[in-house]
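Down below is the structure, laid out as structure tokens.
Along the sequence shown, residues carry numbers from 1. All heavy atoms count here, side chains included; hydrogens, waters and symmetry mates do not.
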Amino acid sequence: MQRSEAQARKASLAESVLAAISELMSSAAAVDADQENFMDVGSHLHHAAVPGTMDLQKAQNSPTNTLHIMEYLAANVDLAKDLIARCSAVAQRLMDDDLLGITEDLDNVIKNISNELNRIPVSTFASSRFAEPAVSGHLQVVRDRHDLYDQRSCDGYSEGDMSMVVAMERPRRRTLHNSDMPRLVDFLQGMYQESHEFGGQSFSSLPEVAEYVEPLYDSFFCPLTNKVMVDPVTTESGVTYDRRAIEDYFDKFTDGSEPVICPVTKMAMQSKTLRSNVPLKSTIAEWITRNEATRVRIARTALSMATTEAMVLEAIHELKVLARLRRKNRDQMHKIGITKFLARLLDHKDGLIRCDSLDLLSLLVEDDAGKEIIAKTRAVSRTIKLLSSSSTDERHAAISFLVELSKSELLLENIGSTAGSILILTTMKFNSSDDPVAAEKAGEVLKNLEKCPKNIKYMAESGYLDPLQRHLVEGSEDVQMEMVSYLGELIQKQEMTINIAGSASEILIKMVRRGNNAICKAALDVLVQISSHHPNGKTLVDAGAVPVMVEELFIRKIDDEPMGSKTEAAAVLANIVESGLDPEAIVVNKEGHVITSKYSVYNFAHMLKCSMPDTLNLSIVRVLLALTTLPKPLATVVSVMKEQDSSQTVIELMGSLSESLGIAATRLLIALSPQMGHTIAEKLCKAPGQPGKLVKSIGLHGRITERHAMSAILLAKLPYQHIALNLALLNRGAVTTVLAKIDEMQRGETRASRYAKAYMEGLVGVLVRLTTTLDEVQRLAAVGLENLSSQSPNLSQPPTEERRPKKKNILRRLREAHAGRVHDNRRPPAHSRVCPVHRGVCSPSTTFCLVEAGAVEGLLCVLESNENGRVVEAALGALCALMDDAVDVTSGVAVLAEHDAARHVLRALRQHRDGPGCGTVARRCFWAVERFLAHGGERCVREVTSDRALPSLLVSAFHKGDAATKQAAESVLRCLHRMPDYSATYESVEL
């Protein structure tokens with residue numbers, strides 16, 4: 001009876017204590033709203049050097065932090081509520097030992113609450129709505145009631161019981177150091193010890209902070225599993241277990257042959273009914289939440305205050321564990337600035353820290369809040385740089401982080417617009433054999449980036465056209481129009497090779513047939529560019545492009561329709577016919593006519609008119625010229641040309657102001673000359689100004705062009721026995737002109753070009769056999785010039801100061817003038833002039849200077865005229881010697897710029913993009929272009945950047961070139977700001 005009364009008094013006292021501190025905790029919660037940032041404030045106080053530092057440190061180290069005391073009190077209050085509920089519910093069925101255990105727990109909880117209340121200074125509540133007397137009153141009530149409880153409790157217990165109660169000064173609890181929980185206190189203590197080993201003072205407050213990580217109480221643990229309960233339930237015996245554990249235990253008694261025994265009390269139970277222990281479940285959940293929040297703040301402080309890489313790595317590891325547990329922890333990390341701080345760590349000098357930061361960021365950006373924070377930092381550009389890391393782990397962490405970021409539409413454009421991002425990702429995707437894991441994830445990132453239309457355009461610019469084609473086929477009508485627009489813009493900006501799929505071709509052809517003028521024009525522009533890549537010819541034919549183009553060219557007649565659509569349609573047809581397909585298999589209409597039929601050729605020849613636009617005439621001439629390469633179509637073309645007397649029109653087009661049209665018309669006449677040479681010769685003699693215009697074309701001074709060569713070849717191919725033409729040529733001075741040009745070429749007075757050999761063939765019909773020998777001589781000469789020029793910096797000497805001549809009197813000057821020995825004193829003698837490239841006195845004979853020898857122009861002519869890759873490579877090597885690091889690079893570039901070297905180099909790059917030795921030529925061209933961009937003047941740089949073919953050549957070399965060529969292309973891309981600058985070293989982030 002006495003014990004029952006004692007239990008009742010304790011329960012009453014506990015309820016009184018709970019009521020007393022309830023209002024006290026409510027007021028304490030409003031004391032300082034910024035207590036949540038306690039850890040960050042401590043960090044800032046540690047680094048701040050202000051007059052009040054000592055006072056601030058004292059406040060920081062104070063054990064009476066209100067927030068943490070309140071958290072500790074809350075845990076004790078929840079535990080007390082649970083104990084009271086257990087006493088009230090099953091008091092009649094509890095054994096003496098169980099009742100004594102609950103009594104002891106309740107006793108210690110009340111003492112702890114009293115002790116924690118005593119630790120709160122009254123000054124803490126100065127700004128509260130409670131006055132100091134009220135607070136003191138609350139504290140005094142609790143203290144008095146606790147003392148009364150101590151006095152009364154002695155009456156209800158024996159001396160032995162009393163000694164047991166006194167011995168337990170704290171509630172029964174378990175250490176944090178178990179298999180289920182991270183050793184956070186050890187982590188902090190280790191940091192504290194490490195800081196002191198290095199003489200630091202950074203972590204002087206962390207051991208005290210760690211004390212506020214709440215303990216694990218015995219009531220949290222399931223008696224069966226000895227683990228913290230997830231779903232605590234109470235059995236008929238009054239003992240609380242985890243639901244899964246006790247249900248598994250009950251399964252052993254399914255046969256009903258023996259009673260169910262409580263595993264703790266060993267009492268037989270009549271029922272297996274389980275009642276959920278909601279208060280304890282809530283207490284455990286709140287305990288877990290509060291402790292994880294505290295661990296996050298502690299790790300944040302450790303991250304900010306760490307002085308070694310090891311400390312940073314431990315803090316990041318702790319945060320990764322917490323981030324994986326639940327989203328609420330990640331939300332707190334966003335709130336207290338961890339996500340933003342980690343973005344800065346991506347520039348850290350330590351690779352492990354960068355890698356672990358990326359792993360943690362990948363967890364934090366799984367929600368939209370994390371992605372929004374990252375969008376306001378430089379994390380994306382820093383991550384793009386890490387994609388090229390030499391560390392596989394770092395590359396994988398970076399690409400995994402990008403995968404998460406690319407799932408947010410907020411960051412799609414940011415990722416795609418970052419310099420070099422698309423190019424690096426596509427290269428990583430294409431080179432799957434080097435790193436299959438990275439290649440797969442790069443493909444996933446690119447797939448996500450497709451959601452932003454601008455990124456599809458960026459991918460196309462980087463040579464990755466699959467997304468654009470896919471959206472062109474699968475997208476809505478608006479998307480298809482947008483993709484066609486992108487393709488149109490792309491081909492206007494740069495020359496590029498487009499491999500088109502059949503489905504995409506069908507969409508474009510449908511747009512041509514059914515679209516309005518603007519859509520039709522855009523689709524035709526794209527088809528022109530696509531068809532220029534010969535492998536696409538068969539795809540376009542299979543997709544039905546030829547009948548649509550023929551209809552557009554010959555049948556559709558709309559008064560307000562621009563002539564441009566016919567021009568593009570003719571260009572597509574010309575590209576298809578030139579692609580190498582069998583023209584006999586190219587059907588032009590549903591009646592079954594093929595493009596080599598007389599029907600088709602007649603329509604093409606009929607379209608040839610001088611009143612038509614030059615571009616349209618050019619495409620038709622190209623179609624007819626392509627058909628003349630096969631015997632049967634050639635006979636058809638000859639027949640139609642004779643019937644329509646179209647050769648006269650072609651001769652008139654030969655004199656067009658358009659260089660391309662004039663050359664194409666001349667080539668067509670050359671192709672037809674074996675079959676109708678006399679007809680052409682006769683028409684040529686009757687044409688106004690002919691053949692005088694051909695003779696004049698041959699005799700023009702300057703660089704030899706293709707038009708010069710074709711004019712000479714045409715005259716050589718026409719029948720020799722045509723007396724009228726021969727007389728006309730004699731009367732126009734053709735013999736004198738031809739002999740003079742041959743003589744000039746033999747003496748080297750004519751600027752050579754790639755058409756020099758064809759030009760000579762047309763003039764004299766010989767020298768073809770010597771082309772190989774001439775090439776080898778040119779190559780060896782260029783190699784020799786390169787070797788000699790490499791010694792020029794060593795042989796060049798600084799100018800010697802000469803004694804200034806004495807002044808001469810007037811009589812002496814007159815005598816010297818009479819003797820013809822007057823000199824200009826203002827002009828320095830030749831042997832003392834300084835070479836701008838080699839920074840000394842140079843000459844062709846002593847220092848082998850290419851500038852003084854005038855060899856630059858000759859080497860550039862070799863680039864222009866020679867088609868042999870080995871010769872071009874040697875000439876480039878000699879020219880590059882003038883831009884080597886051993887000479888004055890700026891002056892060397894300036895000398896070459898005076899001779900228009902950039903244009904010659906870019907032309908050689910385009911000319912030798914394919915074929916044997918193209919890799920070496922491309923590498924030397926890229927090296928020279930990089931020098932032009934880095935050291936050239938504005939005109940030189942403008943000439944390089946305006947070249948439309950350069951971007952696609954660079955991308956192709958970066959994707960498929962060997963290591964040296966790829967490195968040279970990467971240098972040029974970096975100069976063009978198409979790649980991130982890796983020359984910058986990582987900077988140490990101030991922690």
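Atom CZ of R378 is surrounded by 12 or fewer heavy atoms from other residues, nucleotides or ligands within 6.0 Å.
Here R931 pairs with D885 in a salt bridge; the nearest charged N to carboxylate O distance falls below 4.0 Å. Under 4.0 Å is where a charged nitrogen must lie from a carboxylate oxygen, and between E970 and K966 no such pair does.
Not one N or O on the side chain of S462 forms a donor-acceptor pair closer than 3.5 Å with the backbone of M459. Looking only at distances, a side-chain donor or acceptor of R395 sits under 3.5 Å from a matching main-chain atom of S389. Checked by atom type and distance alone, the side chain of S971 pairs as donor or acceptor with a backbone atom of Q967 at under 3.5 Å. S421 places no side-chain N or O within 3.5 Å of a backbone atom of S417 that could act as its donor or acceptor partner. A donor-acceptor contact shorter than 3.5 Å links the side chain of D962 to the backbone of T965. Judged purely by atom type and a 3.5 angstrom limit, T427 uses its side chain to pair as donor or acceptor with the backbone of L423. Not a single donor-acceptor pair under 3.5 Å links the side chain of H959 to the backbone N or O of S956. The main-chain N or O of A949 is found under 3.5 Å from a side-chain atom of S952 such that the two form a donor-acceptor pair. Side-chain atoms of D947 come within 3.5 Å of backbone atoms of L950 as a donor-acceptor pair (strictly under, hydrogens ignored). Side chain of T847 to main chain of C842: no donor-acceptor pair is present (N/O by atom type, distance under 3.5 Å, no hydrogens or angles).
Annotation: the span from L715 atom CG to L729 atom CG amounts to 5.5 Å, rounded to 0.5 Å. Rounded to the nearest 0.5 angstrom, F932 CZ and R903 CZ are separated by 12.0 Å. The structure places OH of Y759 at 6.5 Å from CD1 of I698, a figure rounded to the nearest 0.5 Å. Atom CG of D614 is separated from atom CD of E659 by 12.0 Å, given to the nearest 0.5 angstrom. Interatomic distance, CZ of F848 versus OG of S843, reported as 8.5 Å (0.5 Å rounding). In this structure, L863 CG and R907 CZ are separated by 11.0 Å, a value rounded to the nearest 0.5 Å.
I384 and G420 get closest at one heavy-atom pair: CG2-C, 4.5 Å. When every heavy atom of L953 is checked against every heavy atom of F926, the shortest pair comes out as O-CZ, 4.0 Å. Taking every heavy atom of both residues into account, N575 and V528 meet most closely at ND2-O, 3.2 Å. Contact record, L661 with S656: CD2-OG, 3.7 Å, taken as the closest heavy-atom pair. The two residues R703 and S753 make their nearest non-hydrogen contact at CG-CB, 4.0 Å. For R707 against G655, the heavy-atom pair with the smallest separation is NH2-C, 3.6 Å.
Inter-residue side-chain proximity for L487 and Q529 is flagged as unmet; no heavy-atom pair is nearer than 4.5 Å. Looking at heavy atoms from C-beta onward, L954 lies in side-chain contact with L976 at the 4.5 angstrom threshold. Residues L669 and M710 are not in side-chain contact: their nearest non-hydrogen atoms beyond the backbone lie 4.5 Å or more apart. With a 4.5 Å cut-off on side-chain heavy atoms, M654 and L714 count as touching. Looking only at side-chain heavy atoms (C-beta outward), L653 and L668 stay at 4.5 Å or farther from each other. Between S792 and V851 the shortest side-chain heavy-atom distance does not fall below 4.5 Å. Between H701 and E744 the shortest side-chain heavy-atom distance falls below 4.5 Å. By the 4.5 Å heavy-atom criterion applied to side chains, T846 and L795 are not counted as neighbours.
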Stepwise, does the side chain to side chain contact (heavy atoms under 4.5 Å, CB included) test hold for R667 with E706? CA-CA 10 Å; R667 282 183 173 276; E706 185 179 5; 2.9 Å; yes
Would you sort out whether R779 and V783 count as a side chain to side chain contact (heavy atoms under 4.5 Å, CB included), showing the intermediate values? CA-CA 6 Å; R779 188 189 73 82; V783 171; 4.1 Å; yes
Would you please test I704 and K757 for side chain to side chain contact (heavy atoms under 4.5 Å, CB included) and show each step? CA-CA 10 Å; I704 299 173; K757 287 182 285 186; over 6 Å; no
Go through it in stages, so that I can follow the logic: the residues are C925 and L876, the test is side chain to side chain contact (heavy atoms under 4.5 Å, CB included), and I'd like the CA-CA distance, side-chain angles, deciding distance and then a yes or no. CA-CA 7 Å; C925 287; L876 283 170; 3.6 Å; yes
Donor-acceptor pairs under 3.5 angstrom involving side-chain atoms of residues 852-861: please list them, not counting sequence neighbours.
none

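For E578, the salt bridge (charged side-chain N to carboxylate O under 4.0 Å, His left out) criterion is met by R622, not counting sequence neighbours.
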